[in-house]
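Presented below is the structure to which this report refers.
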2 protein chains.
Amino acid sequence: MQGITGQELSSKKAEYLKYIHMQGDVVKTTEIAAHFSVAPSTVTKALTEIARAGYIEHTPYHGVRLTSRGTEYARFLVRRHRIVALVLSRHGLEPEEACREAKKIEQCFSKDLTDRMCTSLGHPMMSVCGEIEHDHRCCGSPGGYRG
Amino acid sequence: MQGITGQELSSKKAEYLKYIHMQGDVVKTTEIAAHFSVAPSTVTKALTEIARAGYIEHTPYHGVRLTSRGTEYARFLVRRHRIVALVLSRHGLEPEEACREAKKIEQCFSKDLTDRMCTSLGHPMMSVCGEIEHDHRCCGSPGGYRG
DNA sequence: GAAGAATTTAGATAGACACCAAATCCGGAG
DNA sequence: CTCCGGATTTGGTGTCTATCTAAATTCTTC
């Protein structure tokens, strides 16, 4: 446990990281730039900073790849997204909407809060936009979902 | 209906506005500065901008007062805070915590989303930190809570 | 009317995010 | 093996939000 707070990366950088995670393996600058509709230079700058923070390995001109720390963090980001989406879906939003709205607000949720909600939901396995991974002691797991 | 989105003011400005609303009548710069632990000049700048946006009336050297538009907006902010806090309290947080956490995340919630959650909660009258006002057609009120 | 407190103005800093233009690198065509 | 063009990075800027300090201004009270 290295103490993720959920605020380590700015929201844009977190989005980039999540995207890199979803694409897997090596991801190119242009690909990210296209996906988020921003100039490649904007991405390069962000990537440099994310790399400096230790979440990715950036080989100039050759793309980036997650470090193990980045992978772990990205997993948290995905899990947070899905839990937030699930909470929203429990409050009247359709799956599509819940996922869309979750993207807008998830960056505000700390790991702690995410874990609390996860626990209160009973560590659900599924959200409205995918499975929820409950790694090791992801949220003070009361030991119910692991075995 | 003038279409509040919930993103009209930056989060700090919204906090200032909410505070002004809670204090009622004329509020002085120093008071706000002390409450938020920032320099008075920081507050002056923010106030100037909030006034430019039409939410308050700023009489230099004499403090600020909400305009009717500001009052309406502040009410939305308070209602949003309480609904968010209520949602959090439904997910395992103690009242105190729910209120505290809500302050950190509420600025992300659009009016639309707030209304959706409000509806799904059945337009509750009470939250964990105060009453929830359901003005006129605040959230597409299905006419259940008013009479 | 002047001292002293409150407030505002002006000028700086800092972080996040974005863009453009120019330089640089890389890989494939020849 | 060289060279071109596309991909990428660099460097320079701009915007926005939020802060601060120091200096100027205004108000209030004696």
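Below, each value reflects all heavy atoms present in this structure, side chains not excepted, and no hydrogens, waters or symmetry copies. Per chain, numbering begins at 1; letters A, B, ... match sequence-line order. Predicted model only: the values in this text are computed from it and were never measured.
Checking A:Ser41 against A:His62, the closest nucleotide of DNA chain C that is more toward the 5' end is the one next to A:Ser41.
Residue B:Thr44 places at least one side-chain N or O under 4.0 Å from the OP1 or OP2 atom of C:dT8. For the OP1/OP2 pair of C:dG15 and a distance below 4.0 Å, the side-chain nitrogens and oxygens of A:Ser10 include no atom meeting the criterion. Proximity of B:Ser11 to the phosphate of D:dT17: no side-chain N or O atom is located under 4.0 Å from OP1 or OP2. In this structure, A:Thr29 reaches the D:dT9 phosphate: one of its side-chain N or O atoms is under 4.0 Å from OP1 or OP2.
Proximity note for B:His58 (side chain, C-beta onward) versus D:dT28, D:dT9, C:dT8: the nearest is C:dT8. Taking every side-chain heavy atom of B:Lys12 into account, D:dA18 is the closest of C:dG27, D:dC20, D:dA18. With distances taken from any side-chain atom of B:Tyr61 to the nucleotides D:dA18, D:dT9, D:dC27, the minimum falls on D:dC27. Checking C:dA16, D:dG11, D:dT17 against every side-chain atom of A:Lys13, the shortest atom distance belongs to C:dA16.
A:Ala39 comes within 4.0 angstrom of sugar-phosphate atoms only, judged by non-hydrogen atoms across all strands, and of no base. Within 4.0 Å (heavy atoms only), B:Tyr16 reaches sugar-phosphate atoms of the nucleic acid but no base atom. In this structure, B:Pro40 reaches the bases: a heavy-atom distance under 4.0 Å links it to at least one base atom across the strands shown. Residue A:Thr42 is in base contact, counting any heavy-atom pair closer than 4.0 Å across all strands shown.
Counting only heavy atoms from C-beta outward, the side chains of A:Cys118 and A:His134 approach each other to under 4.5 Å. Between B:Arg116 and A:Leu93, the closest side-chain pair of non-hydrogen atoms falls below 4.5 Å.
Taking atom CZ of B:Phe36 as the reference point, atom C1' of D:dT17 lies 16 Å away to the nearest angstrom. If you take CD of B:Glu49 and C1' of C:dT8, they are 14 Å apart, rounded to a whole angstrom. To the nearest angstrom, P of D:dT9 lies 7 Å from CG of A:Leu47. If you take NZ of A:Lys45 and P of D:dT10, they are 9 Å apart, rounded to a whole angstrom. Counting to the nearest Å, the P atom of C:dA16 and the CD atom of A:Glu8 are 13 Å from each other. Rounding to whole angstrom units, NZ of residue B:Lys28 and P of D:dT26 are separated by 16 Å.
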Practice task
Determine, step by step, whether B:Cys99 and B:Cys129 satisfy the disulfide bond (SG atoms under 2.5 Å apart) criterion, reporting the C-alpha distance in whole Å, the side-chain angles of both residues, the deciding distance to 0.1 Å, and the verdict.
Solution key: CA-CA 6 Å; B:Cys99 180; B:Cys129 45; 3.9 Å; no
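Salt bridge absent: A:Asp115 and A:Arg80 never bring a charged side-chain N and a carboxylate O closer than 4.0 Å.
At a threshold of 4.5 Å between side-chain heavy atoms, the hydrophobic network of Ile, Leu, Val, Met, Phe, Trp and Tyr places A:Tyr55 and A:Val78 in two separate groups.
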